[in-house]
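Data block below; observations after.
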Amino acid sequence: MLLPEGVLINGLTGEVSPDTGKYTKRLSELREVFQDRAELDRMVATEGDPVVYEVIEYKKEGSDLFFGTTTMEAGNVGGEYFMTRGHFHQRRDMGEVYYTQSGHGVLLLESRDGETRVVRMEPGVCAFIPPDWAHRSINVGTEKLVFVWVCNVEAGHDYGDILKRGMRKVVVDRDGADVIVDNPRYAA
Ligand SMILES: O=P(O)(O)OC[C@H]1O[C@](O)(CO)[C@@H](O)[C@@H]1O
Ligand SMILES: [Fe+2]
């Protein structure tokens, strides 16, 4: 029998206690994701391959739900803000919740038929990600972006389309402001 438990989450650092696993994504592992690959290579070589985000999870065998934090560093690659890979769920009937704890971000969503939506990620905003919308989080601030996510353990990740084609929109820095523009590399 699974037993109830309170899990301590630090909304400034993303620390989860207790946690059951974690991973870090560095810039060199996200080469397909950014537009300016020459600048990415330069940053990997000269800036020590910076961490872009860390995911910490709490998952109990036998449960239908799991949750955790994603902590995104501030930064950009040639003006394109640090972001997650982005994915659809393998299970098209399963959505997700993102509850922002600290920092400032943009949650970029795209439906199967190509509609784009944006939800601003600000502390206290709990974003509803409906089933079958691709989702990517983007840190547009100057501090860490920390959010709690809650998902069904069977949702799974489908990276294929997003890694191959990118999303239709990208979020870039223009004179210190985040703007959403068409992805110049997007191929339908
Ligand atoms: O798996 P991606 O698209 O790189 O993004 C990581 C994010 O996705 C999640 O799997 C939640 O959907 C979290 O681990 C984290 O927020
Ligand atoms: Fe997801």
Side-chain angles (χ1 to χ4, degrees), residues 7 9-16 19-34 40 49-60 63-77 80-112 116-123 125-141 144-171 183:
V7 176
I9 291 182
N10 184 321
L12 292 174
T13 64
E15 198 180 344
V16 176
D19 72 70
T20 58
K22 56 176 79 175
Y23 68 85
T24 296
K25 283 283 164 205
R26 289 180 179 272
L27 198 51
S28 61
E29 302 171 85
L30 299 168
R31 205 164 181 279
E32 305 98 311
V33 167
F34 291 94
L40 184 146
D49 197 5
V51 170
V52 178
Y53 58 94
E54 180 181 31
V55 176
I56 307 180
E57 69 178 34
Y58 175 89
K59 187 178 194 174
K60 289 284 160 168
S63 175
D64 56 341
L65 294 174
F66 74 135
F67 61 88
T69 58
T70 299
T71 301
M72 306 192 63
E73 299 300 324
N76 69 79
V77 180
E80 194 178 15
Y81 294 105
F82 279 6
M83 65 181 116
T84 58
R85 287 165 290 183
H87 56 267
F88 283 98
H89 291 158
Q90 281 165 338
R91 282 284 301 260
R92 295 184 174 209
D93 58 339
M94 291 181 175
E96 192 163 355
V97 169
Y98 279 7
Y99 185 25
T100 301
Q101 303 294 298
S102 57
H104 307 280
V106 166
L107 173 58
L108 181 65
L109 302 116
E110 196 173 296
S111 68
R112 291 274 176 194
T116 295
R117 288 290 166 103
V118 160
V119 176
R120 303 297 302 197
M121 299 177 78
E122 299 293 339
V125 174
C126 191
F128 167 54
I129 301 171
D132 223 18
W133 282 77
H135 41 287
R136 160 178 283 166
S137 45
I138 302 159
N139 186 353
V140 301
K144 287 180 197 289
L145 172 67
V146 182
F147 60 95
V148 173
W149 48 267
V150 184
C151 196
N152 190 295
V153 293
E154 291 181 358
H157 294 88
D158 172 7
Y159 293 105
D161 285 351
I162 300 297
L163 270 187
K164 263 187 267 143
R165 306 178 324 200
M167 293 179 80
R168 283 172 168 77
K169 303 284 180 188
V170 294
V171 182
N183 178 0

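Start at 1 and go down the list; that is how both ligands and their atoms are numbered.
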Tell me, please: is Cys151 in heavy-atom contact with ligand 1, that is, under 4.0 Å? no
Working to the nearest 0.5 Å, report the span between NE2 of His104 and CD1 of Ile138. 15.5 Å
Specify the protein heavy atom at minimum distance from atom 4 (O) of ligand 1: its residue, its atom name, and the distance to 0.1 Å. Tyr53 OH, 2.4 Å
For the Fe ion (ligand 2), find the closest N/O/S atom belonging to Glu96 and write down its atom name. OE1
Would you check if Thr20 and Phe66 make a side-chain contact, meaning some heavy-atom pair closer than 4.5 Å? no
Of the side chain and backbone of His157, name the one, both, or neither that has a heavy atom under 4.0 Å from an atom of ligand 1. side chain
Identify, for atom 11 (C) of ligand 1, the protein heavy atom at the shortest distance, and state residue, atom and that distance. Glu96 OE2, 2.7 Å
If we only count heavy atoms from C-beta on, is the Ile129 to Trp149 side-chain gap below 4.5 Å? no
Can you tell me the protein heavy atom closest to atom 1 (O) of ligand 1 and the distance? Tyr159 OH, 2.6 Å
Here's a test for you: under side chain to side chain donor-acceptor pair (under 3.5 Å), which of His157, Glu96, Glu154 qualifies with His89? Glu96
With heavy-atom distances below 4.0 Å as the criterion, list the atoms of ligand 1 near Thr70. 13 (C), 15 (C), 16 (O)
Heavy-atom side-chain contact between Glu57 and Lys22 under 4.5 Å: no
Positive for side-chain contact (heavy atoms from CB on, under 4.5 Å) with Val55, one of Thr69, Thr70, Val16, Thr71: Thr70
Per atom 7 (C) of ligand 1, closest listed option by heavy atom (Phe67, Phe66, Tyr98): Tyr98
among protein heavy atoms, the one nearest atom 5 (O) of ligand 1 is Thr84 CB, 3.4 Å
Go through the steps to decide whether Asp132 and Arg112 satisfy the test salt bridge (charged side-chain N to carboxylate O under 4.0 Å, His left out), and finish with yes or no. CA-CA 7 Å; Asp132 223 18; Arg112 291 274 176 194; 2.8 Å; yes
At less than 4.0 angstrom from any non-hydrogen atom of Phe147, what atoms of ligand 1 do you find? 16 (O)
Qualifying residue for side-chain contact (heavy atoms from CB on, under 4.5 Å) with Tyr53, from Arg85, Met83, Glu73: Arg85
Identify, for atom 14 (O) of ligand 1, the protein heavy atom at the shortest distance, and state residue, atom and that distance. Val55 CG1, 3.2 Å
Side chain, backbone, both or neither: which applies to Arg136 and ligand 1 if a contact is any heavy-atom pair less than 4.0 Å apart? neither
I need the Asn183 CG to Lys169 NZ distance, nearest 0.5 Å. 9.5 Å
For the metal site, I want the angle between atom NE2 of His135 and atom NE2 of His89 with the Fe ion (ligand 2) at the apex, to 10°. 90°
Tell me which protein heavy atom sits closest to atom 8 (O) of ligand 1, plus the residue, atom name and distance to 0.1 Å. His87 CE1, 3.1 Å
